[in-house]
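What follows is one structure encoded as structure tokens, with my remarks underneath.
Read the numbers this way: they start at 1 and go in the same order the structure lists the ligands and their atoms.
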Amino acid sequence: MRLKGVVFDMDGTVVDVPYDWGKIKAELETQGKPILVYLESLEEPERSEKWRVLEKYEHEATGKATLKPGMREFLDSLSSRGVKKALVTNNSWKNTNYLLRKFKLEFDCVISREKGLWKPSGAPILVALEELGLRREECCVVGDSHFDIRAAQEAGISFIFILSEDRERFDAMNAELFSSVGELQKRVEKLLPND
Ligand SMILES: [Mg+2]
């Protein structure tokens, strides 16, 4: 495999953000559905009220975000090797743009939730590949959640790299786990063509 593109998740992957998803889902009463799918299924005025609750939590968490240690070096090394980078997030463009500016990050393609395509669907990843002009065989996905794994699998990407120290949570899943960006970087560099 000659790796030509990396599709990144944002929250928990590129940046560390203090989300308590259990608490948020309980407050929204999502009934086990993915949050965005659940919110879009509601009628007004409940729909707008609950969107505001989610946006409030997202705004708070985004304000406290920190760049994941080692991430800038990793992103820079990909750019210097000519590897394209996409950011695919279920977060809003407003929060995404805020974080990109705050940490001065650049991606070749950014897909936020306004596109109407959300993980765990593979659709937003496929749109990113199209924008990058790359085939699924030439790309890997880097994320931190089950949603990232499901979306990558649905998009037909077989190299799935998860940043997490929680081995149990990803036990039976078909993904490679890394506890630091440095470890991930070494793995990804093995997939790059020798120049
Ligand atoms: Mg994430």
Side-chain angles (χ1 to χ4, degrees), residues 5-26 28 30 32-39 54-72 74-75 78 85-100 102-103 105 107 109-129 139-155 157 159-171 173-181 183-185 187-188:
V6 181
V7 179
F8 287 89
D9 167 57
M10 183 173 75
D11 294 321
T13 301
V14 173
V15 291
D16 282 319
V17 261
Y19 277 109
D20 183 345
W21 289 116
K23 182 182 166 199
I24 297 169
K25 285 178 188 168
L28 294 172
T30 54
K33 292 181 191 158
I35 292 176
L36 299 180
V37 171
Y38 170 73
L39 293 181
L54 175 64
E55 284 166 359
K56 180 190 69 140
Y57 279 114
E58 287 178 335
H59 180 72
E60 282 172 15
T62 298
K64 294 177 187 160
T66 54
L67 192 59
K68 192 165 291 261
M71 187 51 74
R72 188 180 304 285
F74 181 40
L75 293 171
L78 291 175
K85 299 166 301 182
L87 188 66
V88 176
T89 175
N90 279 1
N91 209 327
S92 66
W93 169 245
K94 185 175 159 227
N95 291 330
T96 304
N97 190 38
Y98 169 85
L99 291 171
L100 292 177
K102 177 172 178 177
F103 298 116
L105 302 176
F107 287 83
C109 155
V110 178
I111 310 284
S112 61
R113 68 165 167 250
E114 287 78 4
K115 200 95 184 165
L117 308 169
W118 312 312
K119 293 179 271 185
S121 162
I125 293 179
L126 291 175
V127 169
L129 297 189
C139 296
C140 68
V141 164
V142 175
D144 75 313
S145 72
H146 287 189
F147 268 22
D148 297 314
I149 298 174
R150 284 166 60 189
Q153 285 171 338
E154 197 184 296
I157 291 182
F159 284 98
I160 307 172
F161 302 140
I162 295 297
L163 283 167
S164 175
E165 289 178 12
D166 191 348
R167 297 227 150 251
E168 255 173 51
R169 198 171 143 226
F170 296 96
D171 215 11
M173 305 210 71
N174 217 348
E176 293 176 49
L177 241 66
F178 301 89
S179 55
S180 72
V181 178
E183 273 179 49
L184 168 69
Q185 184 169 343
R187 174 71 177 100
V188 167

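- In this structure Y57 satisfies the side chain to side chain donor-acceptor pair (under 3.5 Å) test together with E27, sequence neighbours excluded.
- Judged as a salt bridge (Lys or Arg N to Asp or Glu O under 4.0 Å), not a single pair has a partner in residues 85-100 (not counting sequence neighbours).
- Take the N/O/S atoms of D144: the one nearest the Mg ion (ligand 1) is OD1.
- Heavy-atom neighbours of E165 CD from other residues, nucleotides or ligands within 6.0 Å: at or below the threshold of 12.
- The Mg ion (ligand 1) has an N, O or S atom of D11 closer than 2.8 Å.
- Using a 30° and 60° split on the angle between ring planes, F161 and F159 fall in the tilted class, from 30° to 60°.
- Per residue D9, closest N, O or S atom to the Mg ion (ligand 1): atom name OD2.
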